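Fair warning: this is a prediction, and the values are worked out from it, not measured in the lab. Letters A, B, ... mirror the listed sequences (proteins, then strands); counts begin at 1.
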2 protein chains.
Amino acid sequence: MSYEPDWNVLTQTCPSRTSLARIANKWTAMIVIVLGKGRTRFRDLRHAVEGISGKVLTETLRDLERDGLVARHVFAEVPPRVEYELTDLGRTLYGPLSAIGQWAEAHIAEVLDARESYDRQR
Amino acid sequence: MSYEPDWNVLTQTCPSRTSLARIANKWTAMIVIVLGKGRTRFRDLRHAVEGISGKVLTETLRDLERDGLVARHVFAEVPPRVEYELTDLGRTLYGPLSAIGQWAEAHIAEVLDARESYDRQR
DNA sequence: CTGTATCCCATGCGATACTG
DNA sequence: CAGTATCGCATGGGATACAG
């Protein structure tokens, strides 16, 4: 009922494309996959998503918070503790994004074979 | 049976992450969504994915071809005609990626509301 | 029409230093 | 610990010109 068939990510000016650009992103996918398992503090998120820099983690979390996908919980402690979790809206994205992650893991052997065969032919 | 539980996109050096980086991308998503509807020639793809430049379309298609997701068919005509279509492997990705596109379209209203509310508070 | 080759600006992203 | 600020390299990606 809230679906608006006029919205089309293939249309250049459709707002939905700005949302697509944010969610169709490797860091977003990995962060949402981790948060899908439960509320996580910044430090643990940084370790779970191997190789992500603090800067990018902060920036991506801010963007996700702005889009209403992630909630931020700050505890007035020293040293500070901040936890992140998916909102109701963010949870509806967990399925689709974890499917992408699982696809990458399930088919990487075929992809590697394809790359080798492609590169061999030139 | 071809699933290898040791592969984990969250691990920095896992090859599956290189595949995730390729598929968790807005251009890849839009191209696969269009190709999911059937074999398409270059020109039509360029028009369907509004706003994509020829350079980026070519590069993305090459990468997808290299990963075994897209097949390229060249016709010896003048002017030349080249058609692209999803491979069997690429077709297994259509579901997950179109789900991402549909999510963006279905929830953009909520996302826009969240952005407005976030921006208003600062 | 389907590319390829350049040029060049914008953005992504890591590293480092610093603050509350 | 969880940021913010800054720097600078790498990549993304548009525009244009040109080739087959």
Side-chain angles (χ1 to χ4, degrees), chain A residues 9-13 17-31 34-35 39-67 70-85 118 121-122, chain B residues 9-13 17-31 34-35 39-67 70-85 118 121-122:
Chain A
V9 293
L10 296 176
T11 304
Q12 195 171 5
T13 58
R17 188 182 281 195
T18 66
S19 182
L20 178 68
R22 168 106 306 304
I23 65 181
N25 168 281
K26 66 178 174 185
W27 295 126
T28 295
M30 291 189 276
I31 290 170
V34 172
L35 291 182
R39 194 191 268 225
T40 311
R41 62 186 297 184
F42 187 88
R43 183 190 53 174
D44 296 332
L45 214 34
R46 200 189 199 313
H47 292 142
V49 181
E50 284 188 17
I52 195 170
S53 70
K55 175 169 172 279
V56 169
L57 180 54
T58 299
E59 288 171 352
T60 307
L61 285 169
R62 284 293 171 284
D63 287 342
L64 293 175
E65 190 192 357
R66 189 171 101 101
D67 280 9
V70 161
R72 183 166 174 269
H73 305 281
V74 184
F75 297 84
E77 302 174 359
V78 178
R81 181 165 109 252
V82 180
E83 294 181 352
Y84 293 88
E85 69 175 343
Y118 181 95
Q121 293 179 352
R122 9 233 131 189
Chain B
V9 293
L10 297 176
T11 305
Q12 195 170 4
T13 58
R17 188 182 281 195
T18 67
S19 182
L20 178 68
R22 168 95 261 105
I23 64 181
N25 169 281
K26 66 178 174 186
W27 295 125
T28 295
M30 290 188 277
I31 289 171
V34 173
L35 291 182
R39 195 191 265 226
T40 311
R41 61 185 297 183
F42 187 87
R43 183 190 54 174
D44 297 333
L45 215 32
R46 200 190 199 312
H47 292 142
V49 181
E50 283 189 17
I52 196 169
S53 68
K55 175 171 172 275
V56 169
L57 180 54
T58 299
E59 289 172 351
T60 308
L61 285 170
R62 285 293 171 285
D63 287 341
L64 292 175
E65 190 192 357
R66 188 171 102 99
D67 280 10
V70 162
R72 184 166 173 268
H73 305 281
V74 183
F75 296 84
E77 302 173 0
V78 177
R81 180 166 111 252
V82 180
E83 295 180 353
Y84 293 89
E85 70 175 342
Y118 181 95
Q121 292 180 351
R122 10 230 130 193

Review point. Between C:dG3, D:dA2, C:dC1, which nucleotide has the shortest distance from any of its atoms to the side chain of B:R41?
Key: C:dC1
Check your understanding: When you measure from the side chain of A:R17 to the backbone N and O of A:V9, does any donor-acceptor pair fall under 3.5 Å?
Key -> yes
Point to revise | Any A:R43 side-chain nitrogen or oxygen under 4.0 Å from OP1 or OP2 of D:dC1 | key: yes
Exercise for review: Let me know the distance between NE2 of A:H73 and C1' of D:dA2, rounded to the nearest Å.
Suggested key: 16 Å
Review point. Whole Å only: how far is the CG atom of A:L61 from the C1' atom of D:dC1?
Key: 15 Å
Practice item. Identify the two heavy atoms, one from A:I31 and one from A:I52, that lie closest to each other, and give their separation to 0.1 Å. Key: CD1-CD1, 4.2 Å
Review point. How do A:R22 and B:F42 order along DNA chain C: which one's closest nucleotide is nearer the 5' end?
Key: B:F42
**Study point:** Rounded distance (Å) that lies between atom C1' of C:dT2 and atom CD of B:E77
**Key:** 12 Å
**Study point:** Length of the line joining A:R62:CZ and D:dA5:P, which is rounded to integer Å
**Key:** 11 Å
Check your understanding: What's the CZ-P distance between B:R81 and C:dT2, to the nearest Å?
Key -> 9 Å
Exercise for review: Would you classify B:F75 as touching base, sugar-phosphate or nothing, given that sugar-phosphate means primed atoms plus P, OP1 and OP2, and contacts are heavy atoms under 4.0 Å?
Suggested key: nothing
**Study point:** Shortest non-hydrogen contact from A:R41 toward A:P80
**Key:** NH2-O, 3.6 Å
Point to revise | B:E83 CD to C:dT2 C1', straight-line distance once rounded to whole Å | key: 13 Å
Study note, to complete from the structure: The complete set of salt bridge (charged side-chain N to carboxylate O under 4.0 Å, His left out) pairs with one or both residues in residues 54-63 of chain A, sequence neighbours excluded, reads A:R22-A:D63, A:K55-A:E59
Review point. Sub-3.5 Å donor-acceptor pair from the side chain of B:E50 to the main-chain atoms of A:Q12, do we have one?
Key: yes
**Study point:** Atom-pair distance (CD on A:E50; P on C:dC13), nearest Å
**Key:** 17 Å
**Study point:** OP1 or OP2 of D:dA2 under 4.0 Å from side-chain N/O of A:R72
**Key:** no
Exercise for review: Could you pull out all residues at least two apart from B:V78 that satisfy side chain to side chain contact (heavy atoms under 4.5 Å, CB included)?
Suggested key: none
**Study point:** Heavy-atom protein contacts under 4.0 Å, nucleotides 13-20 of chain D, coded B base, S sugar-phosphate only, - none
**Key:** BBB----B
Review point. Under the 6.0 Å and 45° cation-pi test, does B:R122 pair with B:Y118?
Key: yes
